[in-house]
Amino acid sequence: MAVPIPLFATPVHPSRRDFLRGAGSGAGLLALAALLDSQGALGATAAEGEADRAIHPLSPRPGPFPAKARSVIWLFMNGGQSQVDTWDYKPELIKRDGRELPGFDKNTGFFTDQVGPLMKSPFRFSQQGESGTWVSEIFPELARRVDDLALIHSCYTETNNHSPALFEINTGQSRMGFPCLGAWVTYGLGSESQNLPGFVVMYDTLGRGLPKGHASNWGSGFLPGVYQGTALNAQGAPIDDLTRPEILSDRRQRAELDLLARRNRRHFAERADEASLAARIESFELAYRMQMAAPEAIDIRRETASTQKLYGIDDPKCGHFAKQCLIARRLVERGVRFVQIYSGGMENERSWDGHQDIVKNHGGFAMETDRPIAALLTDLKSRGLLDSTLVVCNGEFGRLPIVQKGGTGRDHNPHAFTAWLAGGGVKAGARYGQTDEFGHKAVVDRVGVNDFHATILRLLGLDHQKLTYRFNGRDYRLTDVGGRVVEEIIA
Amino acid sequence: MKNLFFVCGIALFFSAEAYAEDEGAAFFEAKVRPILVERCFSCHSAGAKKPRGGLLLDSKEGWEKGGDSGPAIVPGKPEESLLAQAIRYDRDELRMPPKGKLAEKEIAVLNDWIKRGAPDPRRSAAVVKPTKRTIDVESARSHWAFRPLRATEQPKVDSDWPKSPVDPYILARLQGKKLKPNPPADRRVLLRRLSFDLIGLPPSPEETDAFVADRSPDAVEKAVDRLLADPGYGERWARHWLDLARFAESHGYEHDYDRPTAYPYRDFVARAFNSDLPFDLFVKWQLAGDELAPDDNLALAATGFLAAGVHSTQITANQVEKERYDELDDIVQTVGTSMLGLTIGCARCHDHKYDPIPTADYYRLLSCFTTTVRGEIDLIPDRAGYAKALAKYEREHAPYVEALAKFDRDSLASRLSAWENARASARSAKPKWVVLEPIKSESKAGAAFQTLEDGSIRASGKNADFDTYTIAVACELSTVTAVKVEALSDPGLVRKGPGRADNGNFDLTDLSLSVGPRYGIGATWKPSLINPKATFEQSGLPIAAVLDSDIKTGWAIDPQFGRDHAAVFELAEDARTDSGAILTFRLDFQGNLRHNIGRLRFSATSSPRPVGLVDDGVPVEIARLLEIAAENRTSEQKNRILDWYRTIDPERRALRRACDEHARTAPKPDGIKALVCSEGIQPLRLHTQGADFFEKTYFLLRGDPNRKNGEATPSFLQVLMNSPEKEKHWRIDPPAGSRLSFRRASLANWITDVDQGAGALLARVIVNRLWQHHFGRGLVATPSDFGFQADPPTHPELLDRLATELIRNGWKLKPIQRMMVLSATYRESSIDDPDKSRIDPDDRLLWRHRRVRLEAEPIRDALLSVSGKLDRRMYGPGTLDEHQTRRSLYFTIKRSKLIPFLTRFDAPDALQGLAERSSTTVAPQALWLMNDPIVREWSESFARRIEPREGRTLEWSVREAYRLAFAREPSAEESADDLAFLKRQAESYRQDGEGDGSRRALTDFCQSILCSNEFVTID
């Protein structure tokens, strides 16, 4: 089909709407408009930006600040990683092992009748890298990458139960139904890839379930549904409806889509003012391309043997998580904006929720994740992608420094946990915030969930106070009325 | 102008100035100031009644100078700052605030602030006097949405264009801008528009033909009336309301348990629309149907509105109260947005930022729902008939009950004593059993055993699928004639056991015994066990089976769980064991999975054969009581015995049976269960570690349940109360003895009161929603926000006129909709006109009809309709099955498992009420239409429907497809293009040997029709 190329006499900066209005007809024009836009040929005012977002919800657009990171990979240690057994070394805990934690409020955790005394970490810690960061022995591979990480030791949440805490860390609200970080980011920045979903989620493939609260954790709340996370199916085809009916064949599907495009263009010719109709014409072309692009993007067999080995694809202990980390790298490489991977399934021993036995639980989940995560950092760096990819790792809350009676595990602790960030704009080797001597509560430079989100948005070039969406008469923000950017960990 | 309604003091929390450029100041404003204001100012500010300690914290100078003890803050050094020490309660003599320590979070904020150098933008006490922004309710009443309805003269226009009272209002504004309305839409376009708008389905080709052919002046009226009377109207319009009502059929949160009884609310909404239930009643019933019309099933089901929101199902002890406030917040917020177009929820933590809704109003409104809980009730179709039948039955049943009472009164005691005498004489002949002490217990599969004081053994730990217990016991009897194996109940077992299976059962498949010497040397031998007897045998699983040679058959006790059981086995020959013996029992559990015994005991006897069971069915507890001489029993003990004996006395059992049999003739309510909200009903309990509701609602500071500030009694929004008596004016007192408080009824009374309450706003909001769905955009562009932030209506007089008409028509919606869709305005074509566009690019003045894309449900319903698969059965439980062919309204809405197709096309997630759906266009929608097996199936069905037959040609097929899908005929160009495709595609299939190429090609063509932009676009 011949696309009429319009002449840009005036105005100098035609808006996309004018462009379409003037152009009259033709599928593919939108792709052209997007191309011109990315080259700066089409200027857009703020209002037009909004109008544009309505037509092209996923077209890439910059934030107000220079972006440090372009994509995010959020490694979510589901169930709540224990800070004192991983990243927050507490010698005082060793000294006071077996003694009461003075002034402890028994309602802090989930099991209020199973409150035991302080328990030292069963794991050895050592200082690693030039930064001298203390690392638990359960992370032998990550220990070699600590100089890439910025650790925030003083994170805390407002709630002590999985699903409200998961909602809070994902959406900023402990109640159900608000847009998550990934949705806000995709809303704010669109996606660099038009052939793949802008926001992809992967969860446990070993049948241990979804994180509590399920898809609401990657939902778009009141934002348009296009910004919600696309969860790759754990079994079967990773994305629904990606495979064309066998009988149709590529050739015949193409013929059918060509027929459709001709009919749609005739329809559009009489309604050229309606940009959404042109967008819909284009969406079938995108869908057609996605059929090829998406399977290609998640096909890790295309990676070299050494890359696969680096991640531990064939290692039965960590292969499942390694695959997801490698897919994540392939996705951000192809322009996907936001990837979230959940380590572990629903709760208790199926995730990092080590109520019974920290050695077995955290030891096991560290074994599943240590090598793949370290490999992801190595791989991103060697490909020059780490500078533009923000890697974040944390859970929904921390764990108590005391033992949960009846076992050797730890109960939930909303008052403190450690998160680390690496890559895109992060000050490598930084450490921020402190917990008290037992690692029970964040006390110095506390970082709430709003602050955590504000920082991630800033690294992506977004302003958490200005990224708003009007719903039911109110301008909503991811950070509600709070949020402080933790500048100290930004390079 | 908006701000005119505020008397602005200093905006404390949220003003734009608050986020000053300086980040320290921003931190101060966002975090520090609210704490100082709320926790310190009552004693340490210029405005305090009695300033304490000479310290003022309402200005920077205040803390720099400090109070009697010196400067309060050393910037950057919390450890040296008096204020930091005081709030940490470090020093006994200086603890602030004295009435209770600040929350950890607040202490951390202040500490952090001091550490940052205590940035404080406040300059002098005079400026920052803690005057909260005050809301001037009186002047806010003049806001356009809050004013009484104004009946204005219909604009005079010199034109024959108007067809309905709506039109002069529109035309006057258009003429004011020198705009001409678009010419009317083509009749086919108009009917398709009407059909989708009113019933959510496309017109059939026959309907289109008839309408086009009908040249009578009232052709449009007839079509509109037909559609308004179609039951599909309720199904279409219910969906709009359900969006607002955040309706779903699961609880949400971690478990997202189903609410299988939630659908009657959905049906109520559809039925209400279909029967044109007056809207004021529609609203009243949703708030208080249980109070206002307790005998009306629809009214009861209507309260499902309040119950529809998400609710956490796992609430930890320290979250119970917060979650309850969240639950009520969901209700008040939804009432506010859906009914009043007000964002009341914004006043939870602070006075509403824009609208005249003080926090006090919020909590007083919340208080109307204080004792309201979710529960399930029976909706009984024939309430009166049922009551009558029940009364008759109860009369007939009374003699049976009386007979039982008479027996208990007159005969029970004497029959008990006769039974006791008989038992005593029987017992004297019973064998003497000796409990054998366990020496060694082993489980092949790894269960753990523990010996208890009564000589029994309790199994714990691993409960394997199959197991074998080997238990050795010491026996001091010189002769053993029989052994007894007891399976005992135990509170630690599932359903008290005695088995370890999920239901408390066991399945003992084999038993063998070997006897060896207790001390010294001697032979071990295996006596034969014979004549087994048991206290109870499950049907098909008799005790004899443990002695047969089949390892899979055994003895079990279902349904007599939680009781003690025993089995007795005689030894075929006496075991003589002069110096004591070791008896080793081997018990096999090889039948049912995990059916191992949980607690066992072994006994032996020397009594002569035949040896009977000691257990005569008397439970241990009763047997113990019976050992007390009758005259020494306390009355409590006597009653305990009588209560038990009653259940075994044969005469009484006969009476009981007769009574029960008659009870089976009781009339059934024959209703369906419905999830409702009410008071004094059994609350729906989940995993809450605490109360379902609290008796009182309090004013909370910043929304924090730990910071209560007095009780909030029920009231309504001040700005919409135009009565000097305030809330008392609408109060309805409950009838004496009612379980209901009638607080919600009072609220319903206020919200529908046009003259002095919220009724005018209620009417404005709903007519605007009708307008929104018919014209693609409301006269007020923010349909759920009529507050100060909303754009004022484009046609304020028309809005008030429609609201007035609604009320005058007894709040019936259909006449108003009729007025709208019969207007010349509605009939305008949607064609763009660049000249008009330049003047009014957003079509705010309605010079053309707004083109829209269909929403998710009508897209799917139209696909089904066109492919001839739509099942029009109405109402009843929904389903999650994507292959179902009823209308999309009948999908079950499970929050964690939303129907993927619906969400892909922007259906809401039902977490908060939604007034306007977004309309996105993304590739996954196209993928669904291209590749989903369901769409292929429907395309095939569509193809079968239009297959050439009876000598017809493919041209006819193409034409029929257009008529079904687009309500028009194809042009010559279109027809040629489609036919060429059909030919090529069929040829392609044939070349690949794919059988009937024509049928397949026709399917592909039909699919392309269903994918077309025209199919999902309403001009």
Side-chain angles (χ1 to χ4, degrees), chain A residues 57-58 107 110 112 159-164 175-177 212-216 219 221-222 224-226 240-245 247-248 251-253 255-256 259-260 262-264 266-268 271 273-274 276-277 279-281 283-284 286-287 290 441 443 445-446 465 472-474 481-482 484, chain B residues 14 19 27 30 104 108 112 252-254 256 310 312 314 316-319 326 337 343 346 782 784-785 787 789-790 832 837 851 853 896 900 903-904 906 909 911-912 918 920-923 925-928 930-932 936 974 977-978 981 984-985 988 994 1000 1004 1007-1008 1011-1014 1017:
Chain A
L58 290 173
N107 280 339
F110 188 80
T112 53
T159 163
N160 67 348
N161 195 3
H162 292 292
S163 86
R175 298 167 72 182
M176 197 177 189
K212 290 197 135 195
H214 301 168
S216 293
F222 43 71
V226 39
D240 292 331
D241 299 324
L242 210 51
T243 321
R244 73 172 66 85
I247 189 88
L248 204 52
R251 184 161 42 98
R252 283 188 289 266
Q253 185 178 55
E256 184 188 325
L259 174 74
L260 173 67
R262 289 195 298 275
R263 188 183 303 120
N264 280 342
R266 284 192 293 265
H267 180 259
F268 181 61
R271 295 162 183 81
D273 57 303
E274 204 71 63
S276 68
L277 290 173
R280 193 165 184 275
I281 293 172
S283 75
F284 279 89
L286 294 178
M290 217 164 142
K441 292 180 178 178
V443 286
D445 294 332
R446 290 158 53 83
Q465 294 186 9
N472 276 350
R474 186 183 153 190
V481 296
R484 183 185 81 84
Chain B
F14 293 97
Y19 290 110
F27 179 78
E104 283 298 330
D112 194 10
Y253 282 89
E254 49 279 277
D256 196 37
V310 291
S312 181
Q314 187 179 53
T316 48
N318 61 358
Q319 299 279 318
D326 281 354
T337 49
T343 53
C346 292
T782 49
S784 282
D785 182 12
Q789 283 292 100
D832 185 27
S837 258
R851 197 181 286 122
R853 190 198 75 194
S896 62
T903 44
R904 241 184 252 192
D906 305 308
D909 56 6
L911 298 169
Q912 298 189 50
S918 46
T920 60
T921 299
V922 284
Q925 295 167 352
L927 279 173
W928 183 79
M930 284 157 57
N931 294 338
D932 199 279
R936 287 294 288 181
E974 287 171 326
D977 193 13
D978 292 332
F981 165 82
R984 279 197 310 271
Q985 197 82 338
S988 166
E994 297 286 5
R1000 296 228 156 98
D1004 298 350
Q1007 186 179 19
S1008 83
C1011 292
S1012 299
N1013 278 357
E1014 186 171 355
T1017 306

> Test of understanding: with side chain to side chain contact (heavy atoms under 4.5 Å, CB included), list the residues that count as partners of Arg244(A), not counting sequence neighbours.
Asp250(A), Gln253(A), Tyr288(A), Gln291(A), Met292(A), Asn931(B)
> Using a cut-off of under 4.5 Å on heavy-atom pairs, state which of Ser918(B), Ala108(B), Ser1012(B) scores highest against chain A.
Ser1012(B)
> Hydrogens and angles aside, do Ser1008(B) and Arg263(A) bring a side-chain donor and acceptor to less than 3.5 Å of each other?
yes
> Name the region of Met176(A), side chain, backbone, both or neither, that has any atom closer than 4.5 Å to a heavy atom of chain B.
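Both parts, backbone and side chain.
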> Just one of Met930(B), Arg904(B), Gln925(B) clears the side-chain contact (heavy atoms from CB on, under 4.5 Å) bar with Asp241(A), so which one?
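Answer to the side-chain contact (heavy atoms from CB on, under 4.5 Å) test with Asp241(A) among Met930(B), Arg904(B), Gln925(B): Arg904(B).
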> Report yes if some heavy atom in the side chain of Arg266(A) is under 4.5 Å from a heavy atom in the side chain of Asp977(B); otherwise report no.
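Arg266(A) reaches Asp977(B) side chain to side chain.
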> Sequence neighbours left out, what passes salt bridge (charged side-chain N to carboxylate O under 4.0 Å, His left out) with Asp326(B)? Give chain and number order.
Lys322(B), Arg348(B)
> If we define contacts as heavy-atom pairs under 4.5 Å, which of Cys346(B), Ser896(B), Ser784(B), Ala923(B) has the most with chain A?
Ala923(B)
> Please evaluate residues His267(A) and Thr1017(B) with respect to the criterion side-chain contact (heavy atoms from CB on, under 4.5 Å), reporting the C-alpha separation (whole Å), side-chain torsions for both, the decisive distance (0.1 Å), and the verdict.
CA-CA 10 Å; His267(A) 180 259; Thr1017(B) 306; 4.1 Å; yes
> Salt bridge or not between Asp112(B) and Arg484(A)? Use side-chain N to carboxylate O under 4.0 Å.
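Answer for the salt bridge query: no.
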> Would you name the heavy atoms of Arg252(A) and Gln985(B) that are closest together and state the gap between them?
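For Arg252(A) and Gln985(B), the tightest heavy-atom pair comes out as O-NE2, 3.1 Å.
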> If you count heavy-atom pairs under 4.5 Å between each of Asp445(A), Thr112(A), Val443(A) and chain B, which one has the most?
Asp445(A)
> Is there side-chain contact between Asp832(B) and Glu274(A), with heavy atoms separated by less than 4.5 Å?
no
> Any donor-acceptor pair under 3.5 Å linking the side chain of Asn264(A) with the backbone of Asn1013(B)?
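Checked: pair present.
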